Amino acid sequence: MLTRKQHKLLMFINERLSSSGVSPSFDEMKEALNLRSKSGIHRLVTALEERGFIRRLAHRARALEVLKLPEQSVPSTTPAITRASVIRPDFAGRRPSLPPPSSTETRTLPLYGRIAAGTPIEALRDQSSFVEVPTTLLEGGEHYALEVSGDSMVDAGIFDGDTVIIQRTDAADNGTIVVALVDNEEVTLKRLRRKGNSVALESANEAYETRIFGPDRVQVQGKLVGLMRKYN
């Protein structure tokens with residue numbers, strides 16, 4: 001499943017190839033998606049290539065070939081549900097309407113305060129409430145829940161007001177969305193990237209910059225394993 005920006009870029013490239021036979025330039029793609037820099041286009045093109053929707057043609061400047069189009073091109077007619085929905089962590093950039101899980105077994109998890117998905121906030125607050133979470137969302141080990149505040153992860157399908165389910169851990173692979181403690185005083189929900197002695201906390205929104213830290217300034221406090229969203 002593609003994010004909204006990935007889908008929009010794919011359709012733009014396909015329309016341009018169909019009409020002129022020539023791939024659009026990165027500047028044209030940037031203007032079509034109203035992005036501020038070409039770096040965002042590079043990331044989107046790479047994501048489409050990794051998912052098998054396009055490929056770059058060797059030895060030809062700015063040459064792209066569309067291999068397939070998403071089935072999601074036709075808007076879904078599935079009616080929205082009016083109770084809490086549970087989403088496994090395949091987070092696309094649109095708000096899906098999914099049926100509740102087949103299992104009714106739940107577990108009570110501590111619900112810590114709101115975590116900023118835009119600007120980091122103070123460290124995790126003391127436990128103040130609890131939330132019932134389907135066991136289908138949980139993996140091994142200890143878990144807790146956080147309420148998301150902000151819009152920096154919207155392109156990963158994580159919206160303001162969502163409840164994210166976190167598996168407590170102090171280690172995570174590159175590309176994992178984690179709860180990160182910065183300088184022992186602020187916490188944020190971001191995608192983790194490591195390169196050499198640097199640690200990057202990457203947003204999923206072009207409006208936010210990636211933050212780079214030394215390895216001793218960032219501690220992983222958990223990784224994202226699930227998400228719950230309530231439809232009103």
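These numbers were taken from a predicted model, which means no experiment stands behind them. The residues of the chain are indexed from 1 along the displayed sequence.
Leu48 and Leu67 are assigned to two separate hydrophobic clusters, defined by single-linkage of ILVMFWY side chains at heavy-atom distances under 4.5 Å.
Asp160 approaches Ser149 most closely through the heavy-atom pair OD1-CA, 3.2 Å. Taking both residues in full, the closest heavy atoms of Leu224 and Ile166 are given as CA-CD1, 3.9 Å, listed atom of the first, atom of the second, then distance. What you find for Tyr144 and Gln221 is that their closest heavy atoms are OH-O, 3.0 Å. Between Phe12 and Pro24, the shortest heavy-atom distance links the atoms CE2-CB, 3.6 Å. Residues Val131 and Ala145 come closest through the heavy atom pair CG1-CB, 3.6 Å. Here the closest non-hydrogen pair linking Ile212 and Ser198 is CG2-CB, 4.0 Å.
Residues Phe213 and Val182 have side chains in contact (heavy-atom distance under 4.5 Å, counting atoms from C-beta outward). With contacts defined as side-chain heavy-atom distances shorter than 4.5 Å, the pair Ile158/Leu189 qualifies. Side-chain contact check for Phe130 versus Leu111: every heavy-atom pair is 4.5 Å or farther apart. At a threshold of 4.5 Å between non-hydrogen side-chain atoms, the residues Lys8 and Leu33 count as touching. Looking only at side-chain heavy atoms (C-beta outward), Ile177 and Met153 come within less than 4.5 Å of each other. At least one side-chain heavy atom of Asn184 sits less than 4.5 Å from a side-chain heavy atom of Gln219. Looking at Val22 and Leu17, their side chains never come closer than 4.5 Å, going by heavy atoms from C-beta outward. In this structure, Leu137 and His143 have side chains that are not in contact, with every pair of non-hydrogen atoms separated by 4.5 Å or more.
For the pair Thr169 (side chain) and Ala171 (backbone), a donor-acceptor distance under 3.5 Å is present. Looking only at distances, a side-chain donor or acceptor of Ser23 sits under 3.5 Å from a matching main-chain atom of Leu64. Counting only distance, with no hydrogens or angles, the side chain of Asn205 and the backbone of Asp151 share a donor-acceptor pair below 3.5 Å. Between the side chain of Asp170 and the backbone N or O of Val220 there is no donor-acceptor pair closer than 3.5 Å. Remark: the backbone N or O of Ala172 is not paired with any side-chain donor or acceptor of Thr176 at under 3.5 angstrom. Ser19 places a side-chain N or O within donor-acceptor distance of the main-chain N or O of Arg16, the cut-off being under 3.5 Å. Arg191 places no side-chain N or O within 3.5 Å of a backbone atom of Glu202 that could act as its donor or acceptor partner.
With sequence neighbours excluded, the residues that form a side chain to side chain contact (heavy atoms under 4.5 Å, CB included) with Asp27 are Ser25, Lys30, Lys38.
A salt bridge links Arg56 with Glu49; the closest basic N to acidic carboxylate O contact falls under 4.0 Å.
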Taking it one step at a time, do Val133 and Met228 satisfy side-chain contact (heavy atoms from CB on, under 4.5 Å)?
CA-CA 8 Å; Val133 176; Met228 298 194 302; 4.0 Å; yes
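Residue Arg193 holds its CZ atom at 9.0 Å from OG1 of Thr210, rounded to the nearest 0.5 Å. Residue Ile41 holds its CD1 atom at 9.0 Å from NZ of Lys5, rounded to the nearest 0.5 Å. For the atom pair CD (Glu105) and CZ (Arg107), the distance works out to 8.0 Å, reported to the nearest 0.5 Å. Between atom CD1 of residue Ile13 and atom CD of residue Glu28 there is a gap of 11.0 Å, rounded to the nearest 0.5 Å. The CD atom of Glu132 sits 3.0 Å away from atom OG1 of Thr108, with the distance rounded to the nearest 0.5 Å. Remark: Asn34 CG to Glu206 CD distance equals 11.5 Å, nearest 0.5 Å.
No more than 12 heavy atoms of other residues, nucleotides or ligands lie within 6.0 Å of CG in Asp173, so this atom counts as exposed by the packing criterion.
When Leu227, Leu138, Leu146 are each tested for a side-chain contact (heavy atoms from CB on, under 4.5 Å) with Ile165, only one passes: Leu138. Among Val45, Leu35, Leu44, the single residue meeting the side-chain contact (heavy atoms from CB on, under 4.5 Å) criterion with Met29 is Val45.
Between the side chains of Asp155 and Gln6, not a single donor N or O lies within less than 3.5 Å of an accepting N or O. Using modelled atom types and a 3.5 Å distance limit, the side chains of Thr163 and Glu147 yield no donor-acceptor pair. For the residue pair Thr188/Lys190, the side-chain donor-acceptor check at 3.5 Å is satisfied. Side chains of Thr46 and Arg51: a donor-acceptor N/O pair is absent below 3.5 angstrom, by distance only.
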